[in-house]
Amino acid sequence: MSNYASRPADTTSPKIAIIGGGLTGLFTATLLERAFKQDQPQNPTANYRANYRAKESPATSRIPQITIFEKSRSVGRLATRYRTKSQTATSSPQNWQWAFGAQFFTAKTAGFQQFIAPWLETGLLQPWCAQVVSVTPLNDETQSPDIQNKEQWNTTQARYISTPKMTSWGRVLADELVHTTIKFQTRVAPLNQDAHDRVNKKTELFDDSGASLGWFDWVICTVPNGQAAELMANSGFGLQTKISKPKMLACYTLMLGWDHEQPLPQTISHQTPNWDVAYVSDSPLDRIFIEHQKPAHNKLLPSMTIHARNDWSEAHVDDDIEAVKAHLLQAAQQALNWSADSAPTQIDCHRWRYAATMLETDSRDNDEVLGILLDQEHHWVVSGDWCGQGNIESGYQMAQKTVEAMVSTMTMLPVKEGR
């Protein structure tokens, strides 16, 4: 992907840097553009697509120039991996596909429900009404896995996916940004106190080679907290000790695929009951997701994504990846019960070092989460889904709080949530 060019902006416009092009970074840029668009109500949760096409006027000259710095080649962090089976004379090419990052997300709050509504209308986002089971793998005392019905996901408490793959939504969010430039494969160096202008509250950022990335009125860090702690360690950030308060756990993901010509494992080919998602007990595995049974995924070759338990992953986070893959593959065979002819032909494994947020309290109330870390003296914000409950909706909520704080600081009218 190439950089997304921004529209020319007045030189008096504030310059804002967002470190990290994950969903929290994209949400933040989107809400900033909406909040500073003065031909609409000052409400960053409103989603008026027409504003992207609205004619610029002098009143909008204060719309900020936003730059997102992303170390990888793409946006969104909702990783999808796929492989293509070669086309033959009698068939079209087909893919195996694995959503090996977030499998789905929820929208429990009115603000986030309103935010995602336009993409639900277009079909980019779709509810996933999966049939969920619990699986106890076979062992020395049993001949087959034990599968029991658990629940049916529905639209009342919906789980949503992005189609045709989980990265699609992030790419669309990036494409719809008007006043934002995304610089890929750019690693921002740790912030330095000497590169901060205390009088004008501006910060100069550098990349990891020492080259200047420019001066910014605001710097928003949206990377995982382990990386955020490193970026802010010697910066004089006033809330440094709070960055490490939430604990991030690792997660290994196993990706399996089968050819159409071969039989599937017994737990899939002879499904009793039928299922799309399995919670696994007595195993290093946590959950199994059948990719080709998701909405708009029916043209995929048989594909399955398996997440290991976070505690098991954390305990083995520095192990050799091939050894981890072999161990998880054995656990998957015990859960899915394949034979020699129904063993997967496609096998891959990925490690997420920062995957899940572990809260210090059993409560999941918003009052118990960390929230954004705002340093008014420097005009720095540390944010991310890990500042909330560690999910996609939390990323949106932290982006919303960041924009509210910045809008208030920039002497605009306070942002009020509403429809």
Side-chain angles (χ1 to χ4, degrees), residues 4 6-7 9-38 42 44 60-70 174 177-183 186-207 212-223 225 227-229 231-240 242-243 371-384 387 395-415:
Y4 295 85
S6 62
R7 287 186 184 179
D10 191 280
T11 56
T12 62
S13 298
K15 296 183 68 176
I16 299 173
I18 298 175
I19 305 175
L23 284 183
T24 302
L26 294 173
F27 291 155
T28 303
T30 300
L31 297 183
L32 276 170
E33 289 195 359
R34 294 179 185 178
F36 282 86
K37 195 76 172 178
Q38 295 185 12
Q42 299 303 316
T60 63
S61 62
R62 288 285 294 169
I63 291 178
Q65 302 175 58
I66 304 168
T67 305
I68 297 176
F69 297 104
E70 169 54 41
L177 292 171
V178 178
H179 305 283
T180 300
T181 299
I182 304 180
K183 295 186 178 294
T186 303
R187 290 181 177 270
V188 177
L191 276 66
N192 191 323
Q193 293 189 65
D194 296 335
H196 179 69
D197 181 345
R198 293 182 179 274
V199 176
N200 297 307
K201 293 191 175 181
K202 294 179 182 289
T203 301
E204 187 176 16
L205 295 181
F206 299 86
D207 65 18
S212 177
L213 297 171
W215 286 87
F216 297 90
D217 298 280
W218 284 86
V219 176
I220 306 167
C221 181
T222 67
V223 299
N225 69 336
Q227 298 172 18
L231 283 170
M232 311 303 291
N234 299 311
S235 65
F237 183 60
L239 301 169
Q240 179 70 23
K242 291 190 175 182
I243 296 177
I372 65 168
L373 302 178
L374 171 65
D375 187 329
Q376 288 278 19
E377 179 184 352
H378 294 87
H379 280 183
W380 295 341
V381 181
V382 172
S383 177
C387 294
Y396 171 82
Q397 292 169 331
M398 296 307 113
Q400 186 181 41
K401 291 181 183 298
T402 296
V403 175
E404 289 174 351
M406 293 175 63
V407 166
S408 177
T409 299
M410 293 179 184
T411 68
M412 296 182 67
L413 292 175
V415 177

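Only this structure's heavy atoms are used, side chains among them; waters, hydrogens and symmetry mates stay out. All residue numbers in this chain count up from 1 along the given sequence.
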Atom [atom1] in [X], atom [atom2] in [Y]: separation rounded to 0.5 Å?
X	Y	atom1	atom2	value
Leu213	Thr186	CG	OG1	6.5 Å
Tyr396	Thr28	OH	OG1	10.5 Å
Ser235	Gln240	OG	CD	6.0 Å
Leu191	His378	CG	NE2	9.0 Å
Phe237	Ile243	CZ	CD1	5.0 Å
Cys221	Gln227	SG	CD	8.5 Å

In sequence, state the C-alpha distance, the side-chain angles, and the governing distance for Phe36 and His179, and then conclude on side chain to side chain contact (heavy atoms under 4.5 Å, CB included).
CA-CA 11 Å; Phe36 282 86; His179 305 283; over 6 Å; no

Exceeds 12 heavy-atom contacts within 6.0 angstrom, atom NZ of Lys242
no

Would you indicate whether Asn234, at its atom CG, is surrounded by more than 12 heavy atoms from other residues, nucleotides or ligands within a distance under 6.0 Å?
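It does not: Asn234 CG has 12 such atoms or fewer within range.
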
Just so I know, are the side chains of Gln400 and Leu31 near enough to count as touching, which here means a heavy-atom distance under 4.5 Å?
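A side-chain contact exists here, since the closest heavy-atom pair is under 4.5 Å.
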
Heavy-atom side-chain proximity of Thr409 to His379 below 4.5 angstrom:
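Yes; the side chains approach each other to less than 4.5 Å.
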
Going by the rule side chain to side chain contact (heavy atoms under 4.5 Å, CB included), which residues pair with Glu377 if we only count those two or more places apart in sequence or in a different chain?
Arg198, Asp375

Report the residues that fulfil side chain to side chain contact (heavy atoms under 4.5 Å, CB included) with Ala29, sequence neighbours left out, ordered by chain and then residue number.
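Checked Ala29 against side chain to side chain contact (heavy atoms under 4.5 Å, CB included); matches are Ile18, Ile66, Ile68, Leu177, Thr180.
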
Where do [X] and [Y] come nearest, in terms of heavy atoms and distance?
X	Y	value
Met398	Ser383	CB-OG, 3.3 Å
Ala195	Phe206	CB-CE1, 3.9 Å
Gly236	Trp380	C-CZ3, 4.5 Å
Ile372	Ala405	CD1-CB, 4.3 Å

Test applied, side chain to side chain contact (heavy atoms under 4.5 Å, CB included); reference residue, Leu205; option that passes from Val219, Asn192, Thr67:
Val219

Name the one of Val223, Ile220, Val382 that satisfies side chain to side chain contact (heavy atoms under 4.5 Å, CB included) with Ile19?
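With Ile19 as partner, Val223, Ile220, Val382 yield a single side chain to side chain contact (heavy atoms under 4.5 Å, CB included), made by Val223.
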
Would you say Glu33's side chain and Val178's backbone share a donor-acceptor pair under 3.5 angstrom?
yes

Looking at Thr30 and Leu26, would you say the former's side chain and the latter's main chain have a donor-acceptor pair under 3.5 Å?
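Side chain of Thr30 to backbone of Leu26, a donor-acceptor pair under 3.5 Å: yes, one is there.
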
Distance under 6.0 Å and angle within 45° of the ring axis: does Lys183 meet both against Phe69?
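No, Lys183 does not lie over the aromatic ring of Phe69.
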
Does any pair with a residue in residues 214-223 pass side-chain hydrogen bond (donor to acceptor under 3.5 Å, both in side chains), and if so which ones, sequence neighbours excluded?
Lys202-Asp217

